[in-house]
Structures are given as structure tokens and as C-alpha cells.
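Report on one structure; see the data block that follows.
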Number of protein chains: 2
Amino acid sequence: MKFTMEDVAKLSGVSKSTVSRILSGKTVNISEKTRQKVLSVVQELNYRPNELARSLKMAQTRVIGLILSDLKNPFWMTVLDGVEEACNQFGYHLMICNSGNNGDKEQEYILSLQQRRVDGILINPTVHNKEMLAHLIQTGFPLVFLNRTIQGIVANSVVVNNRQGIRLAVEHLFGQGFRRIALVTYNEEGVSTWTERVEGYKEGMREHGINSVAVWRKHPEAELNLSPLYEEYQPDAVIVTNNVLTLYVIERLRELNLRIPGDVAIVGYDETVWAKHLAPPLTTIKQPARELGRIATESVIKLIQGEKLSDDAVTLTPEIVVRESSVRTR
Amino acid sequence: MKFTMEDVAKLSGVSKSTVSRILSGKTVNISEKTRQKVLSVVQELNYRPNELARSLKMAQTRVIGLILSDLKNPFWMTVLDGVEEACNQFGYHLMICNSGNNGDKEQEYILSLQQRRVDGILINPTVHNKEMLAHLIQTGFPLVFLNRTIQGIVANSVVVNNRQGIRLAVEHLFGQGFRRIALVTYNEEGVSTWTERVEGYKEGMREHGINSVAVWRKHPEAELNLSPLYEEYQPDAVIVTNNVLTLYVIERLRELNLRIPGDVAIVGYDETVWAKHLAPPLTTIKQPARELGRIATESVIKLIQGEKLSDDAVTLTPEIVVRESSVRTR
DNA sequence: CCCTTTCTTGCAATCGATTGCAGCAACCGG
DNA sequence: CCGGTTGCTGCAATCGATTGCAAGAAAGGG
């Protein structure tokens, strides 16, 4: 049922070369008669060229690999939508992988995508494959870091300003009169998003003359008992560095019978569909997720097409969406 | 920097054939000496075979295409996670496309995936490409419908029982003493998920002797003014057939100054990370999303491997998660 | 020691495209 | 009528693997 160029050629009474030239749009010097003939046969057979063969010969697949560290995080849904949109626009296809923050799996995927000869890779990297990634970049392979950077690796990357994001939260809370602000984040060594957000928090506090800060870290797999932490620092506000973690923290605070924002104010990370429907509606740091996806994809496509990018890193700007969860009640 | 089998062969002093046989694990009759020699060269060069060439020759790519109708819906995130997991387990890669419920885009993606010679396709189909899909199935192409069926097409599909899902909601609400139950759904012609849920609702109501029902339909792009609808039917409970739509409805009801569940109870569709954090916590119909993804993927892989599936359709069972939004207050 | 059988390995065709080079036909002017 | 252009098309090599067939080497039997 599947036809080849050979078949089309035979039925049109021409050679493969001619068919190929017509289909690839190399309009140069093909008589209108043969062109019509060939196109009608193509139509009739419903022929479509085998992309594998084409890719093999052309040494390009028009496929981009995407490696995410945690597919379950709803944040990626919007990013993914932007990535898909850009891919579609430029005629690329997307191959998706989920490393689950596992270094070995990530490595296997990188190799595997390369074996499949993807033209470029978008990656939200783990911290476990530094040398491999560095090597890849060094060899000129089109690679773009998505939302995370890796210490010590100069790479094209598209990220959102994490320090600024947290500082928006800090400034807002200070404006509302809160002073004892704690931060809750994930306990994952070396992940730039978390470390930068923690730094942003400390900087922000320091600027207001506060050096006694509280950073609470939750291991992704374990529970976090807020009770002793709360007792020790007695915060009047909490900033959380991740969307799902925010829900977790809210739940734990409720268990301590703390009212939001009366006893403790909350600012969460990532604007989500549900943020405004929580009780009380949640103040969030909104990251431009779709743009993140779009721009990163456009970047990798530019690299593929041989363009030099003017900047190694594109840094997007977060906003704060203020809702009741962080507004001082009288 | 990229080596070919030829290079490996030359450096090992053997022919391509031998290298190929060793790497493809065809252990039959290769002397241990040459095997070791070749493997060491492979190691040294860091050689990995070109999958394009292999795929071309073998006429299989070990890639599965996934076409979703609406990537933005958080429901898919969990499904996707299940799909990815199964793909990974069986050594397949995933190519993702988003039709955005657009028939033309869907068609283009189907053709394009076929051109790329994916081994099989998982699709959450729109209603616009019946003949094409039917034809595909007829030719024996491994295709599995995901979460939706298409009227008039017998296909392998994995779905969740939609009638039963809604009826769980109806029964629960009746148990709580609600009688004037309205349903809100999307106004999309012919989409099985919506039509089946509407039917389930009507059946459930009829069984309780209620023939006067209210189905409110929201066009995906337009606003829905609940005020007149509410006035007309005066429901004491509302079931919503989609997760994001549920948030929308809750917002509109709030604008009408209706208290939940005091004035009107709510049951939403899809168990989400945020459901239990809403105010009040939301009762939901929980679909086994990850299993949906896993099983559909396993099905298409079986089809690819030539197995006959014992049943055309696998129907999974939803559950109800009861929370305060649908519990009668005294 | 020769012939047969069993291991190993290589040759060359194949998968389905793309493309440089060359050849043939038609057309032109002189 | 002939040589030179120009226009159109085909031949055959190539991309990087896989694999049927056959040949050469090694081993075994008489």
C-alpha cells in the first residue's frame, strides 16, 4: 500500500530524479507538461515521500528533542504548549522525554536522541551530566537549556529571572507590613531555580536590614513537618518556590490551625489555573511559561539553522499577581 | 565527529557485516576474539549506530506518535506521564502533536507522522477526520483511540466509562438530598466524552423519575452567562463535565452570590492537584489518567508487535471523590 | 592425507530518498 | 546545413545501516 518514488516515476514515465526535483520544489527547468503529469500521479497514488530516507540523505530530521526533568509538574503543560506551537510553525516535530530528575535516564535519552539524529535538543537539565552536556555544546550541537542553567557551563539558555521573582514577593510582603518572612523550597542540590530563588530571598531580606532568615527545605519524596519550623521562626508570611509545593504548604499550615492571611500570609510560585480559586485566592509569581517555551524553541531552531545567537542566555521577566492570600487584614 | 559502521569496521579490521551482527546482538557464530576487538573499538570511538539508517532498512522506527486535541488541559499531563512511562519501558520514543481540536491540523499531523514512519499512533481524535481514520484502521495501521471514540468507527480504544462517571455524581447528589441537578458541559458537536456524559446524566435523572433536566453548554471560546439559566431552572446542584470548566462555573456562580454548597452543590470532573484545596474542597469524578495513558500505550505497542487485541475497547472505571462542595449542609 | 562438515567472515544488494554530472533534443543564427 | 546555446531529463553514486548467500578456514572422520 505504500508507494515509493520509483513507483511514481514508473507510472509517470520519468525517472526518480525528476520526481524528486518536482516534489522538493526545485522548480528550475522542469517542463510544465512533465510536472503536471507527475503531480497527477502523486495525487492519484496519494504518494508521500519517506521521511526516513530523506532525512538519512539530507542529514537532517526536522525533529527537536525535548527532555524534561519532571513531566508531572503542571508548569510544563503551558511551556509545552508554547514549544509545540513554535515547532508547528517552523515545521519541526517534537520528541518528548521525561528524565524524572534521574541522571542516568537523562543521559540515556540524550544519547538516544542523538542516535535518532534529532536536529537539536531542548533540555531542562538535571545536575548529573555536566561533562556530557558541556561536551555536546563544545561540539557545536544545537542545545538549549530550558528554565535551568548549570553552574560552570556556558550554554544557550532561556530562563526566567528567579531572583527577581522572589524579590517581587519579598517587596510586596514588606509593603503589606510583613517582616518575618520564611521561604519554603525543595531540597535538591544544585538546581539553579531553587538556589537562585533562595538567594533572591536572602538578598531581599538583607536589603531591608533583616539577616535572620528561614529557609525550609522539603525533600521531594519525604514529608515536611512544619510544626517545629513554625514554632522556631514564627513567620508572619511564607513564600513558596513551586506551585505544587505551595498547595502542600497551605495544607500543612491549615493543619496547624493557622489562618491565611490572618496568621500567616502566602505567596506561591507559578500562576496556575487554580490559583485564583483557592481559599483565599493565592498571590503568585507568574512566569511567562508559554513564552519560555516559544523562545527556547525558536532559539534552538536558530542554532540548527546555523545562526549565532547574540546572547548566551535570554532572561524573561516574572510578574506578581496579588490576591488575598498575601494582603494584610486589619 | 560522527563515526559510521564503516569506520568501526576499518579500525577493527573486519567488515561492516561483522560489526552489524555483533552490535545487533546476533550472537550466532562470531569468534570471541573479533567480538572483543570490535566492541573495544566501538567503545573507543563512542560509536552509536545511526537510527535513521537502521529504521529505513528495518522498516520500523520504534517511535509512537501521540496526537492530542488540547494540550492545555491539565488532564493530559497525567496521561502523558503514563504514556511516557510505558514508552520508556518498551523502548519506544514519543512524538507529540497538538491538534487543538482543529481537523485540518489533525489531518496534517496524521499524514506527517506516517511520512515519518512512526510505528503506531495514539490519538485523542477530533470528529473531523472520520474517513481518514477509518481508512487507516482498515489498512491495519496500529492506531489506538485515547479517551474518545468516534461514532461509526470500530477501533481499538482505551476510554473511561463516561456514563458511569456522571452517574456516580448523580447518585451521590441524590443521596445527599439534591433533586434539581443541572449539568454544564462544552458545546462541541459529536465529541464522545461530552455526549456520553450528557446521556449518563439524563439516564441517571430519569431513573429517579426526573425528566425535567437542564444541560447548559458553553462554547469553548465564548463566555457563558449563567444568570438566566440559573433563574430558569433554579438548580440546587450542578455537575460539570470538565476540570477547567468546573473552575469557570464556580467563578460564575460566585458572581451570582451563590454559596457552595449551601445554595448550590458542585461536582466537578477530573481529580486534580488543586481540587481539595478549593473553597470548599471540590467533589470530583476521578478518572484513572495515568492508567489510561499506560494501557493505551501498551495496546498500541501490542498492535505494532502484531498481536490481536482481545477487545476493541478497554473501558476503565472512574471513581467519585467526595468533598465538601457537594455535601448537604443542614 | 583428502574430503566433508562446521565456523567465521565478507560481498554486494537493499531500504527510499537526493543530486552532480552528462547527454540528448530543440532551437538559433550565420 | 552546421556548430553553439539552452532546456530538460536520466544515470549512478551516496547517505548508513541490515542480511542472504557464498567462500575460505578450521576441524573432524575415514
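Note that this is a predicted model, so its numbers are computed, not measured. Throughout, a chain's letter reflects where its sequence line sits, starting with A, and its residues are numbered from 1.
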From dT19(D), dA17(D), dA17(C), pick the nucleotide closest to the side chain of M58(B)?
dT19(D)

Run the salt-bridge test on E85(B) and K105(A) with the 4.0 Å N-O cut-off and return the result as yes or no.
no

In whole angstroms, how far is the [atom2] atom of [N] from the [atom1] atom of [X]?
X: R116(B); N: dA17(C); atom1: CZ; atom2: P; result: 14 Å
X: M5(B); N: dC15(D); atom1: CE; atom2: C1'; result: 14 Å
X: L52(A); N: dG16(D); atom1: CG; atom2: C1'; result: 12 Å
X: I22(B); N: dT18(D); atom1: CD1; atom2: C1'; result: 14 Å
X: E6(A); N: dT18(C); atom1: CD; atom2: C1'; result: 14 Å
X: L23(A); N: dT19(C); atom1: CG; atom2: P; result: 13 Å
X: D7(A); N: dA17(C); atom1: CG; atom2: P; result: 9 Å
X: L56(A); N: dT18(D); atom1: CG; atom2: C1'; result: 13 Å

Treating primed atoms plus P, OP1 and OP2 as sugar-phosphate and everything else as base, which nucleotides of nucleotides 4-14 of chain D get B, S or - for protein heavy atoms under 4.0 Å?
----SBBBB-B

Could I get the full list of side chain to side chain donor-acceptor pair (under 3.5 Å) partners for N98(B), not counting sequence neighbours?
D81(A)

Side chains of T297(A) and Y92(A) in contact at under 4.5 Å (non-hydrogen atoms)
no

Which of these passes side-chain hydrogen bond (donor to acceptor under 3.5 Å, both in side chains) with E106(B): T126(B), N101(B), N124(B)?
T126(B)

Degree of bending, the helix from dC1(C)-dG30(D) to dG30(C)-dC1(D) (end axes from five pairs; round to 10°)
60°

Is there a side-chain polar atom (N or O) of Y47(B) under 4.0 Å from OP1 or OP2 of dG16(D)?
no

Using the test salt bridge (charged side-chain N to carboxylate O under 4.0 Å, His left out), find all partners of E298(A) that sit at least two apart in sequence or belong to another chain.
R294(A)

Partners passing salt bridge (charged side-chain N to carboxylate O under 4.0 Å, His left out) against D119(A) (at least two apart in sequence or in another chain):
none

Are more than 12 heavy atoms from other residues, nucleotides or ligands located less than 6.0 Å from atom NZ of K72(A)?
no

Check: residues 301-309 of chain B side-chain donor-acceptor pairs under 3.5 Å, at least two apart:
none

For residues E32(A) and Q36(A), is any side-chain donor paired with an opposing acceptor at under 3.5 Å?
yes

At under 4.0 Å between heavy atoms, what does S20(A) touch on the DNA or RNA strands: base, sugar-phosphate, or nothing?
base

